[in-house]
Amino acid sequence: MLHDKLRLISQKNKGTSKAIAEYLLSNSTNLSLLDVKDVARETYTSQASVIRLVQKLGFSKWRYFVKEYIREQTFMDKLGTVNVNLPFSKNSTTNEVIDNVSALEIESIKNTQYLLNTDDVNKIVEIIENSNRIVIFSLQPNYYMARSFKRKMLSIGKNIEVAEDGQFGLKAASLDKNDCAIIVSYSGSEFIGSVTQVKKLRKNMVKTIAITSESNNFLIKNSDYQIEIPTNEHLSNKIANYASEISVNFIFDILFSVIFKYNFEDNLNYKIVNSLDLEKARFNDQIER
């Protein structure tokens with residue numbers, strides 16, 4: 001998040017960048033009242049230096065930076081009190097573990113819901129509905145959520161492909177402008193296996209949908225559409241991927257549900273008829289045995 005990036009700049013830099021970063025961190029609640037001139041004056045730097053720092057953070061203008069920083073702070077204020085990385089300790093009772101993990105997962109869904117944009121969801125669903133092929137690129141553990149989404153979609157007659165690790169390049173090369181790719185990666189780094197094919201996908205004019213953390217990462221910058229998940233989970237210093245797994249699974253459930261809703265009667269009838277046929281087949285198979 002921007003707060004973490006500014007803190008890192010203040011720790012690893014000296015002089016102008018350090019002064020500006022520290023000032024922004026100290027005055028985060030008043031950013032909406034400040035302009036570039038104010039920051040330059042208070043930090044004894046120049047307006048050009050302030051703009052350079054903002055651009056380093058991924059924003060072309062000061063007002064875009066301020067808007068995003070305030071949005072992030074508003075989001076962080078909504079977070080619960082349970083530590084998503086260490087929701088319990090060695091001294092926690094079983095009841096405390098149950099309470100904290102339950103609260104964490106409920107909070108994760110609420111926080112993900114807060115980040116969802118209805119227009120973006122509708123557009124992504126439209127793309128999925130109109131694509132010839134839909135392929136999900138994802139590593140474990142998100143791979144399992146992708147497989148679950150594939151199964152739900154198959155239950156209403158829609159085929160989703162989940163690319164296997166080691167075959168990402170082959171899958172990407174087989175797609176074209178009539179297809180779409182869903183790339184799932186918490187970090188969104190270009191060096192992560194599921195993200196490495198983004199440039200090839202874009203070269204082939206494949207529509208790309210990113211499910212990734214709400215940061216200015218490589219995947220965000222190089223995908224056509226994005227669904228963001230909260231960034232309050234550490235990449236390594238944690239017990240498990242509690243929050244991110246819940247968020248990804250929730251997003252897939254939302255996509256499936258909205259797709260189901262668009263052709264509700266047809267999808268419901270298809271599901272019921274096929275469920276009855278499967279049950280009949282199982283019953284006949286048992287009799288034959």
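Quick caveat, the model's predicted, so the values are computed rather than measured. We count residues from 1, following the sequence as given. The basis for the numbers below is simple: all heavy atoms, side chains too, and nothing from hydrogens, waters or symmetry mates.
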Next item on the list: Show your working on side chain to side chain contact (heavy atoms under 4.5 Å, CB included) between I251 and I211 and close with a plain yes or no.
Entry: CA-CA 8 Å; I251 287 168; I211 300 177; 3.9 Å; yes
Next item on the list: List the steps and the verdict of side-chain hydrogen bond (donor to acceptor under 3.5 Å, both in side chains) for T112 and S247.
Entry: CA-CA 6 Å; T112 307; S247 294; 2.7 Å; yes
Next item on the list: Could you check R52 against T16 for side-chain hydrogen bond (donor to acceptor under 3.5 Å, both in side chains), going step by step and ending with a plain yes or no?
Entry: CA-CA 10 Å; R52 276 196 297 272; T16 300; over 6 Å; no
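In this structure, R202 contributes its side chain and N222 its backbone to a donor-acceptor pair below 3.5 Å.
Atoms CG and CD, from L2 and E68 in turn, are 6.0 Å apart once rounded to the nearest 0.5 Å.
Side-chain contact, S155 with K271: a donor N or O sits under 3.5 Å from an acceptor N or O. In the model, S189 has no side-chain atom that pairs as donor or acceptor with a side-chain atom of S187 under 3.5 Å. For E105 and S108, the side-chain atoms include no donor-acceptor pair closer than 3.5 Å. No side-chain N or O of S148 forms a donor-acceptor pair with one of R151 less than 3.5 Å apart.
Ring geometry, F264 versus F260: the interplanar angle exceeds 60°, so the pair is classed perpendicular (tilted spans 30 to 60°). Using bins of under 30°, 30° to 60° and over 60° for the plane-to-plane angle, the ring pair F252/F149 lands in the parallel bin.
Note: the hydrophobic cluster containing V206 does not contain I136 (ILVMFWY, side chain heavy atoms under 4.5 Å, direct or indirect links).
In plain terms, the two heavy atoms of K200 and A173 that are nearest each other are CD-N, 4.0 Å.
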